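Just so you know, these numbers come straight off a predicted model, no measurement behind them. By convention in this document, chain letters (A, B, ...) are assigned in the order of the sequence lines, proteins followed by strands, and residues within each chain are numbered from 1.
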Protein chains: 2
Amino acid sequence: MTETQILNYALNQFAGIDADAFELSAPYWQRKTYAKGEFYNEYKNVCKYLGFILDGVFRTYYIDDDSADEKNVFFYSKNQVVVAYKSFVTQTPCSYYTESMTESTVLYIHINHLNELYGKSHDWERFGRLVAETAFNLAMNRAEQFMFRTPEQRYLELIQNHPDIFNNVPLYHIASYLGIQAPSLSRIRKRMVGK
Amino acid sequence: MTETQILNYALNQFAGIDADAFELSAPYWQRKTYAKGEFYNEYKNVCKYLGFILDGVFRTYYIDDDSADEKNVFFYSKNQVVVAYKSFVTQTPCSYYTESMTESTVLYIHINHLNELYGKSHDWERFGRLVAETAFNLAMNRAEQFMFRTPEQRYLELIQNHPDIFNNVPLYHIASYLGIQAPSLSRIRKRMVGK
DNA sequence: TGACGATCTTAACTTGGGTTAAGAATATAG
DNA sequence: CTATATTCTTAACCCAAGTTAAGATCGTCA
C-alpha cells in the first residue's frame with residue numbers, strides 16, 4: 001500500500017471518510033519526517049497542523065516551573081492522530097512540548113484546510129467531531145488513571161493496552177508518564193517478579 | 001430576573017446565543033428541583049438531558065470495585081452545565097453517578113431537542129462545540145491537577161478558583177475530590193496554619 | 001572488541017499519604 | 001437547650017514513593 005492508501009484506509013476506519021471525501025482532502029496532506037527529538041509543536045507555539053502518524057512515536061510533555069523536570073502527558077504512535085488539541089482548536093499558544101521520540105513519518109493537514117473540508121462534506125464534519133471525542137477520551141482516561149488507579153495498575157494497563165509504546169520508549173519516560181520516578185518503577189517491576 | 005431570563009443571559013454569555021436562537025429553544029427547557037442526594041444520572045443509565053444549574057451543587061463520583069468507596073470526579077455549581085458528557089454525546093451507559101449535594105434547581109433539555117436545534121441554527125451549533133470544549137477542558141484540567149500538582153497545591157487551587165464549592169461541601173468530599181483521605185486533608189490544613 | 005554514553009537498578013534515608021479508631025467540634029432536631 | 005448525628009481532627013503505625021548517589025547493564029560506534 002502507498003502512504004496515501006494507508007491514510008485513506010485509516011480515515012475510513014476512524015470516521016467513515018469515503019472515497020469522495022478523501023479525494024477532497026488529497027491535495028492538502030503533506031508528508032514530513034521527524035528526527036528523534038525534533039519538535040512537532042513547541043511550548044508557546046500555536047499548533048496549526050493535525051498529523052497522522054505513519055510511523056514513529058511522539059510524546060507531549062510539560063515542564064514544571066518548580067521541579068524543572070519533564071512530565072510526559074501523552075504518547076502517540078503509529079496510525080494515530082498527533083495534535084496539540086486545545087491549541088489547535090482554539091488557535092492559542094500551547095502549554096506543552098510535543099516531540100518525536102524516534103525517527104517518524106507523518107502526514108499532516110493545515111487547520112485552514114481542515115476547516116474548509118468541514119464546510120464541504122458531512123464526512124469531514126463527522127471527522128472533526130470524532131477528533132474532539134478522541135481528545136476528550138484521551139484527557140478523561142488520563143484523569144481516571146490518576147484518580148482511580150495505583151502506579152502499579154497504571155503500569156500494567158500500559159503494557160496491556162499499549163505494548164507498542166512500552167516497547168519503543170525508555171523506562172524513565174514510562175515512569176514519567178505514570179507519574180512516578182524511575183527508581184519507583186524499578187521497585188514496582190521488582191515487586192511484580194514474585195507474582 | 002425570571003429563571004428564563006437568567007438562562008437566556010447565561011447562554012448568551014457562554015455561547016453567544018442570541019434572542020432568536022433562544023426563542024427556538026424556549027419550548028424545550030424544563031424545570032426540575034432536586035432534593036439533597038437525588039440522582040441527576042445513575043451508573044449504567046444513559047444520560048439524556050443536559051442541565052443548567054440555577055441553584056445548588058452537584059457531584060459526579062465513581063465507585064471503586066476494590067476499595068468500595070466513592071471517588072469524586074467533578075463538582076458543578078450555579079450557572080454551570082451539568083451533564084454526564086461522554087454518556088450524553090455517545091448515548092451509552094454512564095460509568096458514574098451524578099447526584100445533587102444540596103437542594104438544587106435545574107433547567108434541562110433533552111438530547112433530541114438539542115440535536116434538533118443544532119440543525120436549525122448556527123448559534124446552537126456553536127453551543128454544541130463549546131460544550132464539547134468545556135468537557136474537554138474539565139477533563140484535561142483534572143488530569144493536569146493530578147499530573148503536575150501536589151495534594152496541597154490542588155487544595156489551594158480549589159479554594160482559590162471554586163470558593164462556592166469549598167463553602168458548600170463537607171471536607172471529606174473535598175478530600176475525595178483531591179484524591180486523598182480525610183485525615184490527610186486535615187494534616188495539610190494543619191501544616192498550612194504555620195504559613 | 002573495547003570504550004563510552006545511555007539506561008536501568010539498587011541502596012539508604014526521608015517524607016507524606018493510607019488506615020483505623022478514638023475523640024472533639026459542629027449541626028440539627030426534638 | 002439538650003441529645004443525637006454528622007463532620008472534622010488527631011494519634012499511631014504502616015507502607016510506598018521521593019531523593020540522591022552509586023553501581024550495574026546495555027547499546028552503539030569507532
(request) Using a 4.5 Å cut-off on heavy atoms from C-beta on, say whether the side chain of A:Ile53 contacts that of A:Tyr40. (result) no

(message) What is the separation between atom OH on B:Tyr172 and atom P on D:dT6, rounded to the nearest whole Å?
(response) 9 Å

(request) Report whether A:Phe166 and A:Tyr172 are members of the same hydrophobic cluster (ILVMFWY, side-chain heavy atoms less than 4.5 Å apart, transitive linking). (result) no

(request) Starting from C1' on D:dT7, measure out to CG on B:Asn167 and report it in whole angstrom. (result) 16 Å

(message) My understanding is that only residues two or more places apart in sequence, or in another chain, count here; which of them pass ring-ring contact (aromatic ring centres under 6.0 Å, His included) with B:Phe74?
(response) none

(request) For nucleotides 9-22 of chain D, just jot down a letter per nucleotide in 5' to 3' order: B, S or -, based on protein non-hydrogen atoms under 4.0 Å. (result) BBSB---SBBBB--

(message) Once ring-ring contact (aromatic ring centres under 6.0 Å, His included) is applied, do any residues pair with A:Tyr62, and if so which ones, sequence neighbours excluded?
(response) B:Phe148

(request) Produce a footprint string for nucleotides 25-30 of chain C: one letter per nucleotide, 5' end first; B if the base is under 4.0 Å from any protein heavy atom, S if only the sugar-phosphate is, - if neither. (result) ------

(request) Using the test side chain to side chain contact (heavy atoms under 4.5 Å, CB included), find all partners of B:Asn161 that sit at least two apart in sequence or belong to another chain. (result) B:Glu157

(message) Can you list everything that forms a side chain to side chain contact (heavy atoms under 4.5 Å, CB included) with A:Ile63? Sequence neighbours excluded, please.
(response) A:Tyr61, A:Glu70, A:Tyr97

(message) Once ring-ring contact (aromatic ring centres under 6.0 Å, His included) is applied, do any residues pair with A:Phe88, and if so which ones, sequence neighbours excluded?
(response) none

(message) Can you list everything that forms a side chain to side chain contact (heavy atoms under 4.5 Å, CB included) with A:Pro93? Sequence neighbours excluded, please.
(response) A:Val46

(message) Suppose the criterion is side chain to side chain donor-acceptor pair (under 3.5 Å): which pairs have a residue in residues 42-52 of chain B, not counting sequence neighbours?
(response) none

(request) Could you state the atom-to-atom distance from CE of A:Met192 to P of C:dC8 in whole Å? (result) 15 Å

(message) Give me each pair satisfying side chain to side chain donor-acceptor pair (under 3.5 Å) with a member in residues 27-36 of chain B, each pair once, sequence neighbours excluded.
(response) B:Glu3-B:Arg31, B:Ser25-B:Trp29, B:Tyr28-B:Glu116, B:Lys32-B:Glu38

(request) Would you mind reading off the distance between B:Arg149 atom CZ and C:dG16 atom C1', rounded to a whole angstrom? (result) 19 Å

(message) In this structure, how many angstroms lie between the P atom of D:dT7 and the CG atom of B:Asn168, rounded?
(response) 14 Å

(message) Holding to side chain to side chain contact (heavy atoms under 4.5 Å, CB included), I want the full list of residues that pass it with A:Leu158, two or more places apart in sequence or in another chain.
(response) A:His162, A:Ile174, A:Tyr177

(request) Map every base of DNA chain C to its dot-bracket character, where paired means a Watson-Crick or G-U wobble contact with both distances under 3.5 Å and | marks a partner outside the strand. (result) |||||||.||||||||||||||.|||||||

